[in-house]
Amino acid sequence: MPPWSRTPWWGEVDRYGALTARTYDLLSGDPVYAVGRRLAIPAMGLRPGWRVLDLGCGTGLNLPALLDGVGPMGRVVGLDRSPAMLAVARRKRAGSSGAGQLRLVQGDMADPQAAREAAAGQPFDAVIATYALSLTPDPARVWRTVTGVLRPGAAVAVVDMARPTGRAALAAPLARLACRLGGADIDAHPWTVVEPELTLTRAWSRWAGHVRVLVGTWG
Ligand SMILES: C[S@@+](CC[C@H](N)C(=O)[O-])C[C@H]1O[C@@H](n2cnc3c(N)ncnc32)[C@H](O)[C@@H]1O
């Protein structure tokens, strides 16, 4: 493993500590990264009453659209291992409509126990991971864990990053630096782990291939 792809001494949790959590929405919102969730969430075909898992939910940028999609009878569970990011997500939803349908769980998405805690005994109808799987050392392991708490036919959405191509390849060092600062491996391409197990897939590529979206049905 090359030295630059090792987990740094300050670790991944601290990278998403209080300072990042406070500034995350400002630095990670429009114009570049919001397009991923704007494409993925409507394409998941969420239905009223569904249970949705948001893997690595961070500060909860996906949550309003997910809660809208499942309606008052549905349930959204955000799983993240950073208490600081979860605290921001919790604060943002406090008092807003739909807050009752939301549960935030702290844990590692590769850990089957955390997945079971998120599911609380009922399989999920849908799962989404936006800009989160590329932070994990083994996206295939995360996917194996997640399939343990998904029902067959569940909707799956993966949004993540890759090096920009074509003329925008000139911006690749900048994109790589942004990913590295966020702890992501730009070459992880986590959608490739999930894609062979999905049917009815649709894929999008934006910002010269830097933002990739894959949506499909599992099993
Ligand atoms: C770049 S942020 C993305 C947050 C959110 N999904 C979004 O679209 O804005 C990555 C998030 O993944 C979380 N994360 C990274 N590795 C994780 C793991 N193994 N288990 C759970 N959460 C993890 C981080 O704490 C962070 O909140």
Side-chain angles (χ1 to χ4, degrees), residues 5 7-8 10-41 44 52-67 76-93 102-119 126-146 149 156-162 175-186 188 190-191 193 206 210-215:
S5 65
T7 301
W10 62 84
E12 300 294 351
V13 173
D14 286 343
R15 198 195 288 281
Y16 287 94
L19 181 62
T20 312
R22 275 202 301 273
T23 53
Y24 181 84
D25 286 10
L26 199 64
L27 300 176
S28 309
D30 283 292
V32 177
Y33 297 108
V35 71
R37 64 188 102 252
R38 273 209 300 267
L39 286 165
I41 296 174
M44 292 170 79
V52 183
L53 175 61
D54 186 359
L55 282 177
C57 65
T59 58
L61 291 173
N62 294 334
L63 297 176
L66 296 177
L67 286 161
V76 177
V77 180
L79 176 66
D80 201 288
R81 67 178 183 180
S82 161
M85 296 291 272
L86 288 172
V88 172
R90 195 169 290 117
R91 216 166 32 242
K92 278 164 47 182
R93 293 305 306 171
L102 173 67
R103 199 158 64 89
L104 296 170
V105 175
Q106 194 209 335
D108 189 317
M109 59 175 114
D111 175 8
Q113 178 55 39
R116 281 194 293 273
E117 192 188 329
V127 62
I128 182 167
T130 56
Y131 312 111
L133 287 174
S134 59
L135 273 81
T136 65
D138 188 351
R141 184 168 159 218
V142 174
W143 175 240
R144 277 197 306 278
T145 299
V146 170
V149 293
V156 177
V158 175
V159 178
D160 229 300
M161 297 160 287
R176 227 174 39 244
L177 178 68
C179 289
R180 185 74 193 118
L181 288 175
D185 175 0
I186 199 169
W191 57 89
V193 165
R206 291 290 185 273
H210 180 49
V211 172
R212 303 294 191 93
V213 178
L214 177 75
V215 177

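Only heavy atoms go into these numbers, but all of them, side chains included; no hydrogens, no water, no symmetry mates. Counting convention: from 1, in listed order, for ligands and their atoms alike.
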**Asked** Looking only at N/O atoms, are Tyr131 and ligand 1 under 3.5 Å apart anywhere?
**Response** no
**Message:** Taking 4.0 angstrom as the limit and counting only heavy atoms of Thr130, give me the atoms of ligand 1 inside it, by number and element.
**Reply:** 3 (C), 5 (C), 6 (N), 7 (C), 8 (O)
**Request:** For the pair Arg81 and Asp111, find out whether any cationic side-chain nitrogen is under 4.0 Å from an anionic carboxylate oxygen.
**Result:** no
**Asked** Touching ligand 1 at all, Arg37? Heavy atoms, strictly under 4.0 Å?
**Response** yes
**Message:** Just verifying a value: how many Å separate Ser82 OG and Leu135 CG, rounded to the nearest 0.5 Å?
**Reply:** 11.0 Å
**Item:** Short N or O distance, Ala132 and ligand 1, threshold 3.5 Å exclusive
**Value:** no
**Message:** Under 4.0 Å, heavy-atom basis, I'd like to know which part of Cys57 is in contact with ligand 1: side chain, backbone, both or neither.
**Reply:** backbone
**Message:** Tell me whether ligand 1 is touched by Ala110 - counting only heavy atoms on the residue side and a distance under 4.0 Å.
**Reply:** no
**Prompt:** Which atom pair, heavy atoms only, marks the closest approach of Thr145 to Ala110?
**Reply:** OG1-O, 3.0 Å
**Prompt:** Short list, please: which atoms of ligand 1 are under 4.0 Å from a heavy atom of Leu61?
**Reply:** 9 (O)
**Request:** Compute the minimum heavy-atom distance from Tyr24 to ligand 1 and say whether it is under 4.0 Å.
**Result:** yes
**Inter-residue atom distance Arg180.CZ - Ile186.CD1, 0.5 Å rounding** = 12.0 Å
**Item:** Proximity of Met109 to ligand 1 by residue part, where a heavy atom lies under 4.0 Å
**Value:** both
**Complete:** So the atoms of ligand 1 within less than 4.0 Å of a heavy atom of Gly107 turn out to be 20 (N), 21 (C)
**Asked** Short N/O distance, under 3.5 Å, between Tyr16 and ligand 1?
**Response** no
**Request:** Could you say whether the N/O atoms of Asp80 and ligand 1 ever approach to under 3.5 Å?
**Result:** yes
**Message:** So for ligand 1, is Thr136 a polar contact partner (N or O within less than 3.5 Å, distance only)?
**Reply:** no
**Request:** Answer yes or no: is there a side-chain heavy-atom contact under 4.5 Å between Ile128 and Arg37?
**Result:** no
**Prompt:** Is there a side-chain contact between Thr59 and Lys92 (heavy atoms, below 4.5 Å)?
**Reply:** yes
**Message:** Polar contacts were defined as any N/O atom of the residue lying under 3.5 Å from an N/O atom of the ligand; does this apply to Gly56 and ligand 1?
**Reply:** yes
**Message:** Using a 3.5 Å distance criterion without hydrogens, assess whether the side chain of Asp160 forms a donor-acceptor pair with backbone atoms of Pro190.
**Reply:** no
**Message:** Please check whether Asp108 reaches ligand 1 - meaning an N/O of the residue sits under 3.5 Å from an N/O of the ligand, judged on distance alone.
**Reply:** yes
**Request:** Would you mind reporting whether Tyr131 and Val211 have side-chain heavy atoms less than 4.5 Å apart?
**Result:** yes
**Asked** Quick one: are Leu104 and Asp80 in side-chain contact, heavy atoms under 4.5 Å?
**Response** no
**Prompt:** Within a radius of less than 6.0 Å around CZ of Arg141, do more than 12 heavy atoms belonging to other residues, nucleotides or ligands occur?
**Reply:** no
